[in-house]
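For clarity, every value in this text was computed on a predicted model and none was experimentally measured.
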2 protein chains.
Amino acid sequence: MPDLSIDVVAKAAGVHRSTVSRAFSRPEAVKSETREHILRVAEGLGYTMSPLAQALRRKTSNIIPLIVPDITNPFFAELAKTMTQAADERGYQLMLCVTNGDPAKSDGYFTAMQAMYAPFGIVAPSTKVDTEALKRFAFGHKVVVIDRVEGDDSVPTVTVDSRKGIMLALDHLHSLGHTSIGYVSGIAGTHTAQDRMDAYLELTAQSGSRPVVLDSGSDLDAGTRGAEHFLEMDNPPTAIIAANDMVAFAVISALGRSGLRVPDDVSVIGFDGLALGARFNPPLTTVRQPIADMGHIAIELAEKQNGDGSVDHIVLEPELLVRGSTSELRK
Amino acid sequence: MPDLSIDVVAKAAGVHRSTVSRAFSRPEAVKSETREHILRVAEGLGYTMSPLAQALRRKTSNIIPLIVPDITNPFFAELAKTMTQAADERGYQLMLCVTNGDPAKSDGYFTAMQAMYAPFGIVAPSTKVDTEALKRFAFGHKVVVIDRVEGDDSVPTVTVDSRKGIMLALDHLHSLGHTSIGYVSGIAGTHTAQDRMDAYLELTAQSGSRPVVLDSGSDLDAGTRGAEHFLEMDNPPTAIIAANDMVAFAVISALGRSGLRVPDDVSVIGFDGLALGARFNPPLTTVRQPIADMGHIAIELAEKQNGDGSVDHIVLEPELLVRGSTSELRK
DNA sequence: AGTGTTATTGCAACCGATCTCAGCAACCGA
DNA sequence: TCGGTTGCTGAGATCGGTTGCAATAACACT
């Protein structure tokens, strides 16, 4: 592959560098005849433009960072999946940045991305998003956040309606006859996590029952602890809402280890709608977040903001996914 | 942020561009006094070098592609996790490339990465690796593969000893009294998948029992089908080895839906050692692959090859992880 | 025919580094 | 004292494109 630069194509096509450049990046500025000739020649040579050189000059690249706390968490994995797809549908390359919840790391990623002229970035927060920090780096660079952001409307966001989701779960459980319904938190301290918890507290109170928070931790062991707590109770709830699917898995697993069966002894419902849930034992009933949509929309929002500067806050509707981990209350 | 280029630092420090450049990338070539002064000035300005400009000139970047078929599969997610870590420990940025098993896509990624001057790439195959295709693109660029490669020693690989793994599983099951042990395949058609299956067939025969392949498909539904097949058998095995954890999950889930309990009715053992397995219901007994090591080693191999051109084939040892999905045979 | 547009293309500076070469000062041994 | 090293720094070309500006050609209109 004799180094293929724009100049060799230019020479081969008998035109100037700049014309070749335009043929590729501003087709309407080149006589169609010439353009086609150039493209044909380039094709024949197997030439493609160097994204690096382009980025250097244009000061904007096609690399977009996706910042997640933990790719091992299937929620973020599914997000990453749809985002890579959405990204390369539009010619972007997704750069995976895993912070492990360390804000210092995400700072590092931001500067790196700035240096790479990323046109924007997507942040799936592990902790409440600090808009100040964002601003400090985002600098010209735009960011869209997959979470609610407190007191700052200047950053586009996409979320799902937490309250609605919890309501769906609660209604489903009520319709099965459950009245005593526990809650296990478990995602990191994001606004979304907060919102779900608040919604649970509020809606439970509204329906006249007593809220039972089995665990309000924010790590992966919340599920295990929640289950332990449950097992120690004198009068445990008959159903449990888990703040997310991973926690639900942990709850069911821990319960199972103590001989409790789901849904026979307790009903458990998750929140996320992970594909994995369908192959859990039992298949997990859950509130589905439209993750695929979130990914696409996040990128759209970013592009939109880049274009006309508009800042949107999209709130998606969750959906109940009834599988096998909840059942009619029998007494 | 008044655009920070090497020239402004040079001016501010009262030296020439090239000296600043050297101060950063070839420290020993600059009088330590000067160097420290430059570094101080740069620090004060908040200057960092543009990786893009560097890559353009040096013809080698710090971007390294990780090509996986599906990031949603926890195995690849865990791999990605350790690799991002290993990568940025050494100053690389991981570019996530998801092929969905489409070879055309991975071709695309290869050319893209070539254009980005990636120093090398990591391929976690979804299908038997085609060395020819690799060569066509790898071009100067080096690739290390997380799978065995057929008939070509020129590409570094890291794998775990499939035979040993299957042996571990078999021995464990035997020690629990099982003699009739089924097998469900299920990972895509990689050499590794093939190796596991072959090992099962061979070792089973050696021990004088009859191999029972419940399903040899290579998709995610293999587990479900395997379970169905199992349920239809007149004289089903008392234990099942799943080619990987995801399949094991599916098997257990499907069995559960038909009222069969694991490990009470059947023992099931997986292969992978996913963190998720610990929170499955029941916690999954499995053969652990040292995924974290694989990630680090993959990068080391790549760097090593880049350095002295050596090509290694590392085979790691798997390890038995006894949790709750296998138990003593009782008749 | 003369003048004003508009469509195309070439020129050359520029993006932010790297790297070879050359210059210069200090140092060494004879 | 002089040729020969060695250590450090500056010059300037270069990597592969982009883009504002100038030049030319083609076409329209009076």
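- Rounded to whole Å, atom P of C:dC11 lies 12 Å from atom CG of A:D7.
- A:R148 places no side-chain N or O within donor-acceptor distance of the main-chain N or O of A:T192, the cut-off being under 3.5 Å.
- The pairing partner recorded for D:dC2 is C:dG29, the criterion being a Watson-Crick or G-U wobble arrangement whose two distances lie under 3.5 angstrom.
- Rounded to an integer number of Å, the gap from A:R26 CZ to D:dT18 C1' is 9 Å.
- Here the C1' atom of nucleotide C:dT9 and the CD1 atom of A:I38 are 10 Å apart, to the nearest Å.
- Rounded to an integer number of Å, the gap from NE2 of B:H37 to P of D:dC8 is 17 Å.
- Side-chain contact check for A:V68 versus A:V123: every heavy-atom pair is 4.5 Å or farther apart.
- Residue-level contact check: B:V20 touches neither bases nor backbone, having no heavy atom under 4.0 Å from any strand.
- Of the candidate nucleotides C:dT18, C:dG16, C:dA13, C:dT18 has the atom nearest to the side chain of B:S25.
- When the P atom of D:dG20 is taken as reference, atom CZ of A:R17 falls 16 Å away, rounded to whole Å.
- For DNA chain D, the neighbouring residues in residues 47-57 of chain B, judged by any heavy atom under 4.0 Å, are B:L56, B:R57.
- Of the possible donor and acceptor atoms, one in the side chain of B:D70 sits under 3.5 Å from a partner among the backbone N and O of B:T72.
- If you measure from atom CD of A:Q114 to atom P of C:dG16, you get 13 Å, rounded to the nearest angstrom.
- Nearest to the side-chain atoms of B:S5 among the listed nucleotides D:dT18, C:dT9, C:dA17 stands C:dA17.
- Taking side-chain N and O atoms only, B:Y117 has no distance below 4.0 Å to OP1 or OP2 of D:dC15.
- Of the candidates B:I314, B:D312, B:V311, B:V311 is the only one forming a side-chain contact (heavy atoms from CB on, under 4.5 Å) with B:P156.
- For A:R22 against D:dG17, no side-chain N or O and base N or O form a donor-acceptor pair under 3.5 Å.
- Ion pairing between a basic and an acidic side chain is recognised when a charged N comes within 4.0 Å of a carboxylate O; B:E300 and B:R90 show such pairing.
- One interatomic measurement links the two molecules: CZ of B:F24 to P of C:dA17, which rounds to 9 Å at whole-angstrom precision.
- There is no side-chain donor-acceptor pair under 3.5 Å between B:Y117 and B:Q54.
- Distance from the side chain of B:K59 is smallest for D:dG16 among the nucleotides D:dG16, C:dG16, D:dT19.
- The residue among B:T19 and A:R35 whose nearest nucleotide of DNA chain C lies closer to the 5′ end is A:R35.
- In the set D:dG10, D:dT18, C:dT9, D:dT18 carries the atom at the smallest distance from any side-chain atom of A:I6.
- Among the heavy atoms of the strands lying under 4.0 Å from A:S18 is at least one base atom, whether or not backbone atoms are also near.
- Within the 4.5 Å cutoff, no side-chain heavy atoms of B:Y47 are placed close to those of B:V8.
- Of the candidates D:dT19, D:dA11, D:dT9, D:dA11 carries the atom nearest the B:H16 side chain, counting heavy atoms from C-beta on.
- Rounded to an integer number of Å, the gap from B:R58 CZ to C:dT20 C1' is 16 Å.
- Atom CD1 of B:I299 and atom CG of B:L66 lie 8.5 Å apart (nearest 0.5 Å).
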